[in-house]
Amino acid sequence: QLGFHTGEDGYLYCDSYRIDDVRAKVQTSPFYLYSRDRITANYQAYEEALQGLDSIIGYAVKANNNLNILKHLQRLGSGAVLVSGNELHLAKQAGFDPTRTVLNGNGKLPWELRLAVEEGVLVNVDSEFDLENIAAAASAVGKPARVLIRINPDVDPQVHSYVSTGLANSKFGIRNSHLDWFLKEIKRQPELLKLEGVHSHLGSTIKEVKIFRDAADIMVEFIKTIRDQGFDIRYLNIGGGLGIDYYHRGEVIPLPKDLINAVRGAVESLGLTIIIEPGRSMVANSGALVCEVTGTKTNGNKDFIVVDGSMSALIRPSLYDAYQHIELTAPCAREVCSYDVVGPVCESADFLGKQRDLPTPAAGDGLVVHDAGAYCMAMASTYNLQMRSTGALPASPSTPALFNQAPLQRRATLCALERARHSSAQ
Ligand code: LLP
């Protein structure tokens, strides 16, 4: 079976690996475990949905920058969507074709822009000063920058305000009423700026494809205006944003094919190449944070499972009040209670789940937080000097090592520190 599932023996599996066996092999805890097959299936769902359209699937690296995951997606044919020069360095290391890569951001720095222009990356124009910096970078590098203009279609994605980005009051994108100014500036400097398309990104965790259709229709009108001014633009970048089933209650979430079908008419009407920028829907359900239970306790009113994972490893519940499903890794016949699952960090915001009906675990038992493949490892911190969790990706024929730790230097160093800490504690 694909991805995370309960086996016939009642244990939790990731692909064909029993998670308790993986726990025995991985020396650090907590750690992130990813299903390669699930990532492949998620990628293929986009690929199939896009059949018949000229397209670039740009995986949003911000969701998870584990180098093994990047290399895997690159091998499958993915492009990359980036928000920093460091991400561009990493994407190059993973082998992504820079010309199928987009650099986003409202505060791109001159060195990041120079690197992007040098590499032939598509750069999103976000503001007046950004356009000036892009032109300066192109002049320094001695070749024109390939640009997209980021426009806010002002369609409400109906998501948490922190992850809503395409409304008129957003910090991202140009002031739409100022579009003419941007077009004039670009036209004035053809040797520095080559306008290739437009971009919009509405927000994240979207569960309604009508939202994408409405935005694409608005973007088509902008493209017509821009083409009328003599620009031969090719790309409509509709951003990322598709949600996933975090609750595991069988909620109907649109699939990539539903999303693409909603915008297909708009793309075809103008003979465009579509760029999409999925992050969450590509990797979230491929990953879990695997923790170890430290103990259970009660304060009289409330019962707690205390684990070694925390808001430092996985901040989404604390930051957005986000729900991520929690399970024990092994069958457990003990009494089921309503528990808050918390970590060891020094504040009450440190919870992974609240009021979860779970069997009472013993110290040392495994517990997973599901759907942790996106925006979990990537947003982890070392608060309270918690060590940053590593990532394990079970083997495939192309990577014979059984458990490949993410080979980033930073993480390798932290991992070595973690091991030293463990051995000195024994
Ligand atoms: N493109 C742009 C321009 C973006 O800003 C984002 C995400 C994406 C694509 C990918 O969106 P996705 O397909 O993953 O929804 N930390 C938050 C999510 C922040 C999303 C930021 N931008 C969370 O944990 O829910």
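Counting starts at 1 for both ligands and their atoms, following the listed order. This structure is a prediction, so every number in the text was calculated from the model and none was measured.
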Starting from atom 14 (O) of ligand 1, locate the nearest protein heavy atom and write down its residue, its atom name and how far away it is, to 0.1 Å. Y375 OH, 2.6 Å
Given H201, Q324, R316, identify the one with the heavy atom nearest to atom 8 (C) of ligand 1. H201
Atoms of ligand 1 close to G241 [distance to a heavy atom under 4.0 angstrom, numbered from 1]: 11 (O), 12 (P), 13 (O), 15 (O)
Y383 versus S310, side-chain donor and acceptor atoms under 3.5 Å: no
Is the shortest distance from a heavy atom of N104 to ligand 1 less than 4.0 Å? yes
So which heavy atom in the protein is nearest atom 1 (N) of ligand 1, and how far is it from that ligand atom? E277 OE1, 2.6 Å
Tell me which part of M379 gets within contact of ligand 1: side chain, backbone, both or neither, using heavy atoms under 4.0 Å. side chain
If we count only N and O atoms by modelled type, under 3.5 Å, do the side chains of S35 and D15 hold a donor and an acceptor together? yes
What part of P278, side chain from CB on, backbone N/CA/C/O, both or neither, has a heavy atom under 4.0 Å from ligand 1? backbone
Would you check if R23 and E292 make a side-chain contact, meaning some heavy-atom pair closer than 4.5 Å? yes
What I'd like to find out is whether the side chain of V81 reaches to under 4.5 Å of the side chain of H199, using heavy atoms alone. no
By salt bridge (charged side-chain N to carboxylate O under 4.0 Å, His left out) - contacts of E196 (at least two apart): R146, K194
Ranked by distance from atom 21 (C) of ligand 1, the top protein heavy atom is K62 CD, 4.0 Å
Is it true that K210 and D214 have a side-chain N and a carboxylate O under 4.0 angstrom from each other? yes
Which protein non-hydrogen atom lies closest to atom 18 (C) of ligand 1, naming both residue and atom, and how far is it? R280 NH2, 3.5 Å
Kindly confirm or rule out an N or O of G239 lying under 3.5 angstrom from an N or O of ligand 1. no
Geometric cation-pi criterion, R356 with Y323: 6.0 Å, 45°: yes
Provide, to 0.1 Å, the distance between atom 19 (C) of ligand 1 and the closest protein heavy atom, together with that atom's residue and name. V163 CG1, 3.8 Å
Hey, does L236 have a side-chain heavy atom less than 4.5 Å from the side chain of V263? no
May I ask you to identify the nearest protein heavy atom to atom 15 (O) of ligand 1, giving residue, atom name and distance to one decimal place in Å? S204 OG, 2.3 Å
Heavy atom of the protein closest to atom 16 (N) of ligand 1 (residue, atom name, distance): Y320 OH, 2.7 Å
Ignoring hydrogens and angles, state whether a donor on the side chain of R75 or Y43 is under 3.5 Å from an acceptor on the partner side chain. no
With heavy atoms only and a cut-off of under 4.0 Å, state how H160 meets ligand 1: side chain, backbone, both or neither. neither
